[in-house]
Amino acid sequence: MVAIQRYLEFTGKVGLFASHAVCRAVLPPFEVRMIFRQIEEVGWKSLPLVLASGFAVGLVLTLHTRSSLLRFGAEAMIPTVQSLSFFNEIGPLIAGLLVAGRVGAGIGAELANMRVTEQIDAIEALSIDSFKLLVIPRLIACIIALPILTVFMDVAGLTGGYLVERSISHLSLPLFLEQAFSQVGWATFIPPTLKTAVFGLIIGLISSFFGYTTDEGASGVGRASTNSVVISSLLIILSDVLLVKAIFFLFPDSAI
Amino acid sequence: MSGSGEPAVVFESVTKRFGDRKVLDDVSFAVETGEALCILGRSGTGKSVTLKLMIGLLKPEKGAVKIRGQNIVDLDEDGLSKVRRQIGFLFQSAALFDSFSLNDNLELPLARMTKKSKEEIDSIIQATLDDVGLGKDRHKMPAELSGGMRKRAGLARALALDPCILLADEPNSGLDRVTSSEIDDLLLGLKEKGKTTIVIVTHDVRGARRVGDRMAVLEKGRLLAIGKAEELENHENELVRALVSEKD
Ligand SMILES: Nc1ncnc2c1ncn2[C@@H]1O[C@H](COP(=O)(O)OP(=O)(O)OP(=O)(O)O)[C@@H](O)[C@H]1O
Ligand SMILES: [Mg+2]
């Protein structure tokens with residue numbers, strides 16, 4: 001009973017926070033410089049993590065699917081399976097979870113620290129809108145950066161997959177690419193990639209919420225950071241289920 | 001809206017609670033325009049809370065807080081922001097933006113709140129930092145500064161917009177006697193030159209006597225006494241006499 005009550009309370013608070021964000025975001029002045037600063041922070045600085053992970057997952061995945069497909073004599077399908085699974089699900093989901101870990105923890109801790117050390121009050125005291133200066137740029141940066149990071153994730157994964165294929169079966173690059181993209185149309189690529197904008201929204205919103213609204217001393221900083229990662233990862237996975245359903249409904253082509 | 005004879009800051013029976021703890025209890029006083037008021041009191045008696053009420057960072061449960069005649073208790077964000085534009089605030093913790101250099105800490109309000117050119121802003125930043133003795137540390141990050149330097153940087157940021165009301169929470173804390181009296185000189189200068197109204201929370205009685213026209217003593221959320229130093233020296237309450245006396 002208490003759990004349900006707390007859940008509803010949390011949902012309400014996040015909802016209010018989100019509606020506040022939307023109302024504020026559409027009114028000038030726009031913090032363009034802060035948005036670019038945050039895109040660098042969220043996107044550019046996550047790139048090494050995303051590339052390395054994508055590459056590693058690509059390698060491992062190919063090794064696994066390879067042995068399964070070999071059993072059915074479907075060796076030629078390896079690049080296709082690889083690219084489909086990356087473009088459709090693995091790239092978006094893993095990119096989302098990685099960024100939730102890195103960026104969610106960062107935003108949660110940074111804003112909570114600013115709250116605890118009175119920096120947010122100081123911004124307000126200078127009659128600057130702290131919500132506009134701190135929350136909205138992070139939100140926008142997450143929404144923009146995630147689809148782009150996902151594309152990099154896909155490319156890194158395919159690169160890893162290709163290297164495995166090449167070392168085992170000496171498949172040439174053009175042939176690999178031809179097979180990899182034989183089943184990939186815009187409908188299989190665009191919707192899953194764009195759905196990560198929703199993941200970005202979740203990460204930005206949840207971690208800003210925990211950071212901006214923390215009200216308990218230094219221990220609150222750690223808690224805000226942990227909560228940001230846990231809740232945004234959870235919501236990413238849950239929303240993924242809904243988004244996949246929605247994409248199948250709207251783009252029947254992508255459900256092969 | 002605000003007449004010239006109006007006090008800059010007025011507290012009318014202000015009561016502030018945190019949970020069921022009364023931190024301020026029915027506090028009333030007024031600070032005249034151009035006056036410097038020093039608030040003294042033991043640790044944890046609500047001095048910082050008093051300052052934060054003056055700028056609307058906290059809201060009282062009861063009573064009115066008036067800035068130049070305008071009650072700020074029920075103002076919305078836009079109204080509050082207009083009032084805050086006239087006020088410079090130094091936090092007890094300095095509250096510098098720690099991902100920004102000193103220069104950017106001062107530039108943030110200047111670039112947003114004024115229409116000044118880049119050169120003008122540049123020279124204001126340099127002059128303000130020179131005033132607090134940090135001219136050479138302009139491009140340092142807050143983490144590279146000592147506690148006293150951070151406090152002075154916070155003061156510089158509060159002064160950058162040339163406010164007509166300055167609220168300073170312990171501007172001299174963590175400073176040696178010489179630097180501390182330099183800061184007092186700076187505050188005195190502001191008062192004489194610019195007719196700035198100043199409210200200072202301080203534990204430094206010597207400085208308070210030099211800068212302050214009047215002193216107020218808070219104890220356990222109540223205003224024990226307010227008046228000129230000489231008056232308070234002979235106050236009936238022992239704590240008031242002890243806090244105001246210069247002898248250690
Ligand atoms: N945000 C807050 N939430 C809950 N309690 C608070 C809050 N801010 C202050 N208090 C309480 O209000 C009381 C007065 O605090 P305040 O910071 O005004 O003290 P102070 O007089 O400035 O002390 P010091 O000289 O040590 O700075 C303290 O007991 C403190 O615990
Ligand atoms: Mg204090």
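Letters A, B, ... are given to chains in the order of the sequence lines, protein chains preceding strands, and every chain is numbered from 1.
Under the 6.0 Å cut-off for aromatic ring centres, A:Phe17 and A:Phe10 do not qualify, their centroids lying 6.0 Å or more apart.
Contact annotation for B:Phe97: both backbone and side-chain heavy atoms come within less than 4.5 Å of a heavy atom of chain A. Proximity to chain A (any heavy atom under 4.5 Å) is restricted, for B:Arg112, to the side chain, taken from C-beta onward. At a 4.5 Å heavy-atom cutoff, the contact between A:Leu133 and chain B is made by side-chain atoms alone. For B:Lys82, no part lies near chain A; criterion is any non-hydrogen pair under 4.5 Å.
Note on B:Arg152 versus B:Glu182: no salt bridge recorded, every NZ/NE/NH1/NH2 to OD/OE distance being 4.0 Å or above. We find that A:Lys13 and A:Glu9 are joined by a salt bridge, their nearest charged nitrogen and carboxylate oxygen being less than 4.0 Å apart.
Between chain A and the residues B:Gln92, B:Met113, B:Lys52, the most heavy-atom pairs under 4.5 angstrom are made by B:Met113. Of the listed residues (A:Glu110, A:Met114, A:Gln119), the greatest number of heavy-atom pairs within a distance under 4.5 Å of chain B belongs to A:Gln119. Counting heavy-atom pairs closer than 4.5 Å to chain A, the top residue among B:Leu167, B:Leu96, B:Leu161 is B:Leu96.
Taking the salt bridge (charged side-chain N to carboxylate O under 4.0 Å, His left out) definition, one finds that B:Glu77 meets it with A:Arg24, sequence neighbours left out.
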Take B:Thr15 and B:Glu61 through the side-chain hydrogen bond (donor to acceptor under 3.5 Å, both in side chains) test and state the conclusion after the steps. CA-CA 6 Å; B:Thr15 299; B:Glu61 269 71 49; over 6 Å; no

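Between the side chains of A:Ser46 and A:Arg102, at least one donor N or O lies within less than 3.5 Å of an accepting N or O.
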